[in-house]
Amino acid sequence: MTGRELEYSRGDRAKAAAKVMVGWVALLWLLEVVDVASGHALDGLGITPRTPSELVDVVPAAFIHFGFAHVAANTVPLLVMGFLAALGGLRRFAAVCALIIVADGLGVWLIAPAHTNTAGASGLIFGLFGYLLVTGFVERRPLGVLVGLLVGAVWGTSILVGLAPTQSGVSWQGHLLGLVAGVATAFLFRRRSPEPA
């Protein structure tokens, strides 16, 4: 591959990653508009723990929010971290997100406090944080290490605060499970070749 072809490849990958994440975030906002317009009918797609019928909500819960402030709080970190993760390839990104969402949702279903309703993209955000934080080290890629360090510097404090079990109305369980799932995906989907996929 020539330098020009590699440059176009990287440019195309960045454009594709940006389109996916802008579309993803737009979908979250659209769903919240629908939720508000329907009298919060979509809030029922959150996860109520240890209720068998709620297992079908494990994936949808990652796209539902409890108000515009909730969506707004998740928008920038999801947009940025999702974009950075998607630069590694959209198929890989889809697999990483799917695993984080399912593992986080199942974990919330198992261990969240009874009579709670958990929804939102924050579990995925914590997962992408963990994924980006360790992928460069796992794959021994200097650029990946630098990205992980930058992500850690920008969002590390917020992540630690989000893991504190003292915050009312915040699912620290979902945050912790998402973080663990994200770190696990970094090992599971690590590349053994120095060449980008």
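Note that the coordinates shown come from a computational prediction; the quantities given were computed from them, not determined experimentally.
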Considering all heavy atoms, the nearest [X]-[Y] contact:
X    : Y    : result
R140 : P142 : O-CD, 3.7 Å
L78  : M21  : O-CE, 3.3 Å
L124 : W24  : CD2-CZ2, 3.5 Å
G46  : A119 : CA-CB, 3.9 Å
W172 : A164 : CB-O, 3.7 Å
H175 : G162 : ND1-O, 2.7 Å

Sub-4.5 Å side-chain heavy-atom contact between [X] and [Y]:
X    : Y    : value
L28  : T75  : no
D57  : I64  : no
F126 : V180 : no
L106 : L55  : yes
H65  : D35  : no
F83  : L128 : no
V80  : W155 : yes
L45  : F63  : no

Group every Ile, Leu, Val, Met, Phe, Trp and Tyr by side-chain heavy-atom contacts under 4.5 Å, then state whether [X] and [Y] land in the same group.
X    : Y    : value
V147 : L150 : no
F66  : W29  : no
V102 : L99  : yes

Does any N or O in the side chain of [X] come within less than 3.5 Å of the main-chain N or O of [Y], such that one atom is a donor and the other an acceptor?
X    : Y    : answer
R141 : L146 : no
R190 : F187 : yes
R191 : E139 : no
Q173 : A112 : no

